[in-house]
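A short write-up of the structure that comes next.
The figures here come from the full heavy-atom set of this structure, side chains too, leaving out hydrogens, waters and symmetry mates.
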Amino acid sequence: MLHTFELSTTRRDEMRDITREVAALIEKSGVQQGTALIYCPHTTAGIAINENADPDVKHDVILRLGEVYPWEHPQYRHMEGNTASHLKSITTGPSQTVIIHDGKLLLGRWQGLYFCEFDGPRRRQYHVKIMKG
């Protein structure tokens, strides 16, 4: 079962919590045991699993990624001018796989799923593939 979600981001760098949407999809699917693959088809965005209890974590992650990969650098060559967003998406990666156990995402107590925007604001998609197992 493949499902596509759309979202609009509002900032150049943004971490959008998508845990509820994916969890609701798992529940609706009826799958009790298996895996969910959450995939981002964009080269300037990614999918991450991280803490979702304290919103300052998102701030700190975005802050440090910006320091490691500054938007402007004298040696960047990419003509579109968004090299930093490509580097950030390589760092987070395009996908995450989560175990489905007893009909629910098997995430740690403080974990959540994030769509990570690095070249917004934009209209984006992510896909969720549910596999029975």
Go through the side-chain N and O atoms of T91 and Y69 and say whether any donor and acceptor fall under 3.5 Å apart.
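Yes.
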Candidate list V31, L105, V98, test side-chain contact (heavy atoms from CB on, under 4.5 Å), partner I26, passing option:
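Among V31, L105, V98, the one meeting side-chain contact (heavy atoms from CB on, under 4.5 Å) with I26 is L105.
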Can you get from [X] to [Y] by hopping between Ile, Leu, Val, Met, Phe, Trp and Tyr side chains that sit under 4.5 Å apart?
{"X": "M1", "Y": "F5", "answer": "yes"}
{"X": "I100", "Y": "Y39", "answer": "no"}
{"X": "V68", "Y": "V57", "answer": "yes"}
{"X": "I47", "Y": "L87", "answer": "no"}

Over all atoms of both residues, closest heavy-atom pair of [X] and [Y]:
{"X": "G112", "Y": "N52", "answer": "CA-ND2, 3.6 Å"}
{"X": "G46", "Y": "T92", "answer": "CA-OG1, 3.6 Å"}
{"X": "A53", "Y": "P55", "answer": "O-CD, 3.7 Å"}
{"X": "D17", "Y": "T19", "answer": "OD1-OG1, 2.6 Å"}
{"X": "E117", "Y": "G120", "answer": "OE2-N, 3.2 Å"}
{"X": "Q125", "Y": "P41", "answer": "O-CD, 3.3 Å"}

Interatomic spacing from [atom1] in [X] to [atom2] in [Y] - rounded to 0.5 Å:
{"X": "L113", "Y": "M15", "atom1": "CG", "atom2": "CE", "answer": "10.5 Å"}
{"X": "S85", "Y": "R122", "atom1": "OG", "atom2": "CZ", "answer": "7.5 Å"}
{"X": "L106", "Y": "Q111", "atom1": "CG", "atom2": "CD", "answer": "9.0 Å"}
{"X": "T97", "Y": "I38", "atom1": "OG1", "atom2": "CD1", "answer": "7.0 Å"}
{"X": "E51", "Y": "K58", "atom1": "CD", "atom2": "NZ", "answer": "11.0 Å"}
{"X": "L107", "Y": "N50", "atom1": "CG", "atom2": "CG", "answer": "11.5 Å"}

Residue Q33 excluded, over 12 heavy atoms near CD under 6.0 Å:
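Check passes, neighbour count above 12.
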Does CG belonging to L63 count more than 12 external heavy atoms closer than 6.0 Å?
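Yes, because the 6.0 Å sphere around CG of L63 holds more than 12 heavy atoms from other groups.
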Parallel, tilted or perpendicular: which fits the ring planes of H42 and F115, with parallel below 30° and perpendicular above 60°?
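Perpendicular.
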Should [X] and [Y] count as side-chain neighbours, where that means a heavy-atom distance under 4.5 Å?
{"X": "Y114", "Y": "V61", "value": "no"}
{"X": "Y126", "Y": "E21", "value": "yes"}
{"X": "I62", "Y": "R11", "value": "no"}
{"X": "I18", "Y": "L7", "value": "yes"}
{"X": "H73", "Y": "T83", "value": "no"}
{"X": "L65", "Y": "D13", "value": "no"}

Has T4 got a side-chain atom pairing as donor or acceptor with H127's backbone, closer than 3.5 angstrom?
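Looks like no, no N/O pair under 3.5 Å.
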Do any N or O atoms from the side chain of R124 and from the backbone of C116 form a donor-acceptor pair under 3.5 angstrom?
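Side chain of R124 to backbone of C116: no pair is present.
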Looking at T43, D119, T44, which hits side-chain hydrogen bond (donor to acceptor under 3.5 Å, both in side chains) with N82?
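Running side-chain hydrogen bond (donor to acceptor under 3.5 Å, both in side chains) over T43, D119, T44 with N82 returns exactly one hit, D119.
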So that I can tick it off, tell me whether E6 and R123 are bridged by a salt bridge, with the cut-off set at under 4.0 angstrom between side-chain N and carboxylate O.
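Looking at E6 together with R123, the answer is yes, because their closest N to O distance falls below 4.0 Å.
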